[in-house]
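Order of listing sets the numbers, starting from 1, for every ligand and every atom in it. Throughout, residue positions are numbered sequentially from 1 according to the sequence presented.
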Amino acid sequence: MNIFVINSGSSSIKYQLISMPEMQVKCSGLVDRIGLEGAKVEHKAFLPSGEVKKVLEMPVPTHAVGLQQVAQLLTDSEVGVIDSPSEVEVVGHRVVHGGEKFASTQVITPEVKAKIKELFPLAPLHNPANFLGIEVAEQIFPQAQQVAVFDTAFHQTMPAVAYRMAIPNELYEKEGIRSYGFHGTSHKYVSEQAIQLLGKTHSKIITIHLGNGCSMTAIQDGKCVDTSMGLGPMNGLIMGTRAGDIDQSVIFHLVKELGYTLDEVNTILNKKSGMLGLTGFSDMRDIGKRYEAGEPEAILAYELYAYRIKKYIGSFAAAMNGLDAIVFTGGVGENDQRTRSLVCTQLDFLGIQLDPEKNKLPNSGPRAIQSPDSKVQIWVIPTNEELEIAKQCFGVVKK
Ligand SMILES: Nc1ncnc2c1ncn2[C@@H]1O[C@H](COP(=O)(O)OP(=O)(O)O)[C@@H](O)[C@H]1O
Ligand SMILES: CC(=O)OP(=O)(O)O
Ligand SMILES: [Mg+2]
């Protein structure tokens, strides 16, 4: 069965065409830096004759432009892997927010779409892009079943002590205001691998997903027990353009004293803050170059970014009363040795000690990068949200 997986992130679209159940990847690709300078589409096809690659450097102002280009590449004469869109039987969509309604993978119906749309205000950078992906895919692959895999699903095992907020009860009971958590597909995928690599029956793991959006999850015996993101994907870590944890009084101050509208505050905290707010750049590669050049803003931004992650490591280790491993993943977590080094510095009281040489190894498969004395294992495990989504889709359509 051919499953085409679309993972629309806030700044990228990743896709794979996977044949299930054999988990054979026919092609994969990335539309990178959507809405930014230097956008490009990278497509790799795994043909019987070998691997072929096509890179298109082109403006990609929106997710829709990116998806249409990807659809053309699938049937391209040189790098295409299917003759016609009708060969795609299932399209699996990453959908970021599933609210309280969706704790599992869903075949997309008009009702599911309506609910995804209702959740736009809670995930304004993501659910609109995910919804658009569904609509474009329905046009390009009209015969295929469309399936939604929610970022929030993996976090449904959190205990109330982690997901409830100390606000009036009725806001939870009537309005569903609580922490949901995101990047669940990625946290699930890398934690399952980490558990196998650790080879222990009982385990306490912290997964650190650092992409454009960033989040951390505390995972005990394979189940999520806490996570850094909340009602929407804004809370917690410092991200590409999102502030993460912030004192609520800042919001009131901006509105009441400085005259910003609520929409403007939302835009500031979601799209103009984080690393972008601190340095003028949201992409860690741009900030890394400025760090190297000794620019004070870039240095401070990196330090703030790492400091926030360290605080969550401490709090999650306390929440689980122990720690066996931390796992770095996501575009930054997998590739940026500077971030990993800043995070792991001066955490030896917790038993975390990085090996600087192992930390420099290029991003290949899963790798352990702790020093021999480290009590806690430190892993870099490349995430594969697309493969996880294909597995989940196969599970629901098979039934
Ligand atoms: N070689 C690299 N070094 C440092 N950072 C990188 C590298 N490659 C990618 N990144 C970072 O990864 C981020 C994208 O991560 P990714 O997980 O792909 O994002 P998304 O949230 O869009 O899914 C980029 O913004 C960039 O900062
Ligand atoms: C939920 C979220 O922040 O996703 P991404 O990292 O793909 O932007
Ligand atoms: Mg992502």
Side-chain angles (χ1 to χ4, degrees), residues 6-15 28-40 42 60 63 66 93-98 119 122-130 133 149-155 180-187 189-190 208-217 227-244 270-271 274-276 279 281-292 298 301-302 305 328-342 359-364 380-386 389:
I6 301 176
N7 171 1
S8 299
S10 48
S11 71
S12 66
I13 301 169
K14 292 174 192 138
Y15 61 91
S28 68
L30 168 70
V31 186
D32 202 11
R33 298 176 67 95
I34 296 173
L36 299 174
E37 288 276 300
K40 64 177 176 202
E42 283 180 1
V60 186
H63 285 72
H93 297 268
R94 172 191 183 205
V95 179
V96 162
H97 213 311
L119 291 162
L122 293 186
L125 300 185
H126 298 89
N127 272 36
N130 306 151
V149 179
F150 297 95
D151 260 37
T152 39
F154 178 65
H155 303 295
Y180 289 97
F182 300 89
H183 298 128
T185 308
S186 174
H187 290 294
Y189 180 83
V190 298
I208 309 172
H209 175 104
L210 306 174
N212 188 43
C214 303
S215 70
M216 286 171 59
T217 294
T227 194
S228 61
M229 280 179 166
L231 176 68
M234 283 176 87
N235 205 52
L237 303 182
I238 295 172
M239 318 186 201
T241 65
R242 285 166 260 168
N270 262 312
K271 298 191 179 172
M275 298 305 266
L276 179 68
T279 68
F281 299 90
S282 62
D283 191 305
M284 215 54 154
R285 288 162 286 200
D286 296 328
I287 303 158
K289 282 182 212 141
R290 284 160 179 86
Y291 186 103
E292 288 293 306
Y302 252 105
Y305 185 89
F328 287 94
T329 195
V332 178
E334 290 165 32
N335 295 296
D336 195 35
Q337 48 168 295
R338 183 178 301 110
T339 293
R340 295 191 298 259
S341 162
L342 289 170
N359 187 37
K360 287 184 193 149
L361 294 171
N363 190 23
S364 50
V380 182
I381 301 184
T383 195
N384 195 339
E385 289 166 296
E386 296 73 24
I389 290 170

| task | Output all residues satisfying side-chain hydrogen bond (donor to acceptor under 3.5 Å, both in side chains) with Arg290, sequence neighbours left out; order by chain, then residue number. | result | none

| field | Check: Ser228 main-chain N/O paired with Asn235 side-chain donor or acceptor under 3.5 Å | value | yes

| message | With nothing but distance in play, are any N or O atoms of Gly213 less than 3.5 Å from an N or O of ligand 2? | response | yes

| field | Spacing of His183 atom NE2 and Arg94 atom CZ [to the nearest 0.5 Å] | value | 5.0 Å

| query | Hey, is Lys14 one of the residues with a heavy atom under 4.0 angstrom from ligand 1? | reply | yes

| Counting only heavy atoms, which portion of Asp151 has something under 4.0 Å from ligand 2: side chain, backbone, both, or neither? | side chain

| request: Report the distance from atom CG of Leu210 to atom CG of Leu237, rounding to the nearest 0.5 Å. | output: 6.5 Å

| Element-labelled atoms of ligand 1 that are located less than 4.0 Å from some non-hydrogen atom of Ser12 | 20 (P), 22 (O), 23 (O)

Which atom pairs, one a donor and one an acceptor, fall under 3.5 Å between side chains of residues 29-39 and the rest of the protein, sequence neighbours left out?
{"from": "Arg33", "atom 1": "NE", "to": "Glu37", "atom 2": "O", "distance (Å)": "2.9"}
{"from": "Arg33", "atom 1": "NH1", "to": "Asp283", "atom 2": "OD2", "distance (Å)": "3.1"}
{"from": "Arg33", "atom 1": "NH2", "to": "Glu37", "atom 2": "O", "distance (Å)": "3.3"}

| said: Under 4.0 Å from a heavy atom of Met284: which atoms of ligand 1 are those, numbered in the order shown and with their elements? | reply: 5 (N), 26 (C), 27 (O)

| Any nitrogen or oxygen of Gly211, main chain or side chain, under 3.5 Å from a nitrogen or oxygen of ligand 1? | no

| For atom 12 (O) of ligand 1, which candidate among Pro233, Gly331, Pro362 holds the nearest heavy atom? | Gly331

| request: May I ask you to identify, for Met239, whether its side chain, its backbone, both or neither come under 4.0 Å of ligand 2 on a heavy-atom basis? | output: neither

| field | Atoms of ligand 2 close to Phe182 [distance to a heavy atom under 4.0 angstrom, numbered from 1] | value | 1 (C)

| query | At a 4.0 Å cut-off, with the gap strictly under it, does some heavy atom of Gly213 reach an atom of ligand 1? | reply | yes

| said: Please list, in number order, the atoms of ligand 2 under 4.0 Å from a heavy atom of Pro233. | reply: 1 (C)

| Just how far is it from atom CG of Leu125 to atom CG of Asn270, taken to the nearest 0.5 Å? | 4.5 Å

| What's the spacing between Leu276 CG and Met239 CE if we round to 0.5 Å? | 13.5 Å

| said: Could you check whether any side-chain N or O of His97 sits under 3.5 Å from a backbone N or O of Pro233, counting only pairs where one atom can act as donor and the other as acceptor? | reply: no

| From Glu385 CD over to Thr329 OG1, what is the distance, rounded to the nearest 0.5 angstrom? | 8.0 Å

| field | Nearest candidate to atom 7 (O) of ligand 2, where distance is taken over non-hydrogen atoms, out of Arg242, Met234, Arg94, His97 | value | Arg94

| Of all the atoms in ligand 2, which lie at a distance below 4.0 Å from a heavy atom belonging to Met229? | 3 (O)

| query | How many angstroms lie between CZ in Arg242 and CE in Met229, if you round to the nearest 0.5 Å? | reply | 5.0 Å

| Val332 heavy atoms, cut-off 4.0 Å: which ligand 1 atoms fall inside? | 11 (C), 12 (O), 27 (O)

| Based purely on interatomic distance, does His183 place a nitrogen or oxygen under 3.5 Å from a nitrogen or oxygen of ligand 2? | yes

| Any N/O of Ser282 closer than 3.5 Å to an N/O of ligand 1? | no

